[in-house]
Amino acid sequence: MSTLNDSEDIYTSNYGSADQNAGLAGSFKPFSSPYLNYDPVYIPASQPEYIFLDGQNKQRGRFELAFGQIGASCMIGAGIGGVTGFYNGLKATTLAGQTGALRRTQMLNHIMKKGSSNANTLGSIAVIYSAFGVILSWARGTDDDVNTIVAATATGALYKSTAGLRKCGVGAAAGLGLSCLYALWNSREKLAELRQFNPARR
Amino acid sequence: MEEYTREPCPWRIVDDCGGAFTMGLIGGGVFQSIKGFRNAPSGFNRRLIGSMTAIKQRSPTIAGNFAVWGGLFSTIDCALIHVRKKEDPWNSIISGAATGGILAARNGVSAMAGSAFIGGVLLALIEGVGILFTRLSAEQFQPQPPVFEDPTQQAPSGGLSFQ
């Protein structure tokens, strides 16, 4: 502390100690904010910080994606059901010869009924599938295509489990087939590499 | 488990719809299982069958109603955020009232008003409880005067702490 106003300066009072400024002439002080100029010792290194790269194995977990998937399948079901209901309603009201307010109400009834029932079905399947997927990925500690296939098969079996053994098997087979198709589509790049593999070439 | 944060706005609708559907399916499943168990004819096996039937028949419907509520609420919330350019409790309260009103639109004007009032009050209560909890828990996070102890120097130099 060579000069008087050194100790009054808020920025250098803590960090710009005398031995740091020893080589500098006279009243010149380098600007050093207490927020910018710190020793790494001050940062508590209690928890590690992770940065996940794109293209690496670790991406968003199943639980994070589950609600979005459920909502999306619910909305898709509502959309498909609404269109189907509109078509059915149009046909039914034309056949019955209904016009005006009666036809409008009947159309609304058709759309709402078909849309909600479709949305409920698809949404319930999505909830069961997500539950199986989350449980599997927690239990196995990894998140891969095996989880998808097993979860989809179990979902199909459970959804049709009260309709008899045969239908239960059909549901499981449907889940297995769809998930296998998805898994093939998901790993199409690996398969393309495999197809171009030439054993004659080293 | 990863940190669960809310999605940015257009995708929040899908997310909220899914969350509401899940909530309705699980909650409705529990509720309907009890109801079906109680209302079934006597005999434990019959009661179990009644419970199962009730779950299968009614809980998807309840879940669907929840999902419609959640999706519409979130849609109006996002629209309000876009229009008002800010996110505050009023957004939720307004969108709760609007959702209640819109969903009762086929039952007449008085039913719409009643539903809108109930929706607004419900969301106001939720937001109020949220603000209350924030106020209560804010006590812990009051700023402490920083104490700078220099670990590189053994002896305190005295009178140089940053206030």
Side-chain angles (χ1 to χ4, degrees), chain A residues 1 7 10-19 33-35 38-42 50 52 58-78 81 105 108-109 112 115-128 130-131 134 138 159 161-163, chain B residues 1-8 10-29 48-49 51-53 55-68 70-72 74-75 103 105-106 146-153 157-163:
Chain A
M1 303 293 161
S7 55
I10 200 170
Y11 293 116
T12 49
S13 63
N14 283 305
Y15 296 98
S17 56
D19 49 28
S33 158
Y35 300 107
Y38 57 81
D39 217 332
V41 185
Y42 293 115
Y50 299 111
F52 298 123
K58 181 73 189 171
Q59 284 176 354
R60 302 178 80 184
R62 262 182 202 256
F63 189 75
E64 259 183 304
L65 292 172
F67 289 134
Q69 284 170 350
I70 295 164
S73 56
C74 204
M75 284 178 172
I76 290 169
T105 311
L108 273 179
N109 285 343
M112 296 299 270
S116 68
S117 78
N118 252 6
N120 293 343
T121 310
L122 265 182
S124 308
I125 291 173
V127 169
I128 299 171
S130 298
V134 168
W138 275 351
Y159 190 75
S161 61
T162 49
Chain B
M1 197 171 70
E2 286 87 357
E3 186 188 2
Y4 190 75
T5 49
R6 290 188 85 187
E7 298 273 317
W11 306 110
R12 186 183 294 178
I13 300 169
V14 180
D15 225 54
D16 277 6
C17 184
F21 190 92
T22 313
M23 204 161 68
L25 195 71
I26 294 171
L48 278 187
I49 290 169
S51 174
M52 204 64 221
T53 314
I55 292 175
K56 274 195 307 184
Q57 281 180 344
R58 300 218 184 85
S59 65
T61 320
I62 295 170
N65 291 344
F66 266 69
V68 167
L72 194 55
S74 211
T75 310
L103 288 183
R106 289 183 79 185
V147 181
F148 284 94
E149 285 180 33
D150 202 342
T152 56
Q153 293 174 357
S157 49
L160 285 179
S161 65
F162 177 71
Q163 291 288 334

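No experiment lies behind these values; they were computed from the predicted model shown.
- By number of non-hydrogen pairs under 4.5 angstrom with chain B, the leading residue of A:Ala72, A:Ser116, A:Gly123 is A:Gly123.
- Scanning all heavy atoms of the two residues, the minimum distance from B:Leu25 to B:Ala63 falls at N-CB, 3.5 Å.
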- Message: Quick one, B:Phe21 with A:Asn120, criterion side chain to side chain contact (heavy atoms under 4.5 Å, CB included). Give me CA distance, side-chain angles, the key distance, then yes/no.
- Response: CA-CA 9 Å; B:Phe21 190 92; A:Asn120 293 343; 4.1 Å; yes
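- A distance of 5.0 Å separates CZ in B:Arg106 from CG in A:Asn109, rounded to the nearest 0.5 Å.
- Using a 4.5 Å cut-off between heavy atoms, B:Ile13 contacts chain A through both its backbone and its side chain.
- With a threshold of 4.5 angstrom between heavy atoms, A:Ser73 does not approach chain B through any atom at all.
- The shortest heavy-atom contact between B:Ala67 and A:Cys74 is CB-SG, 4.1 Å.
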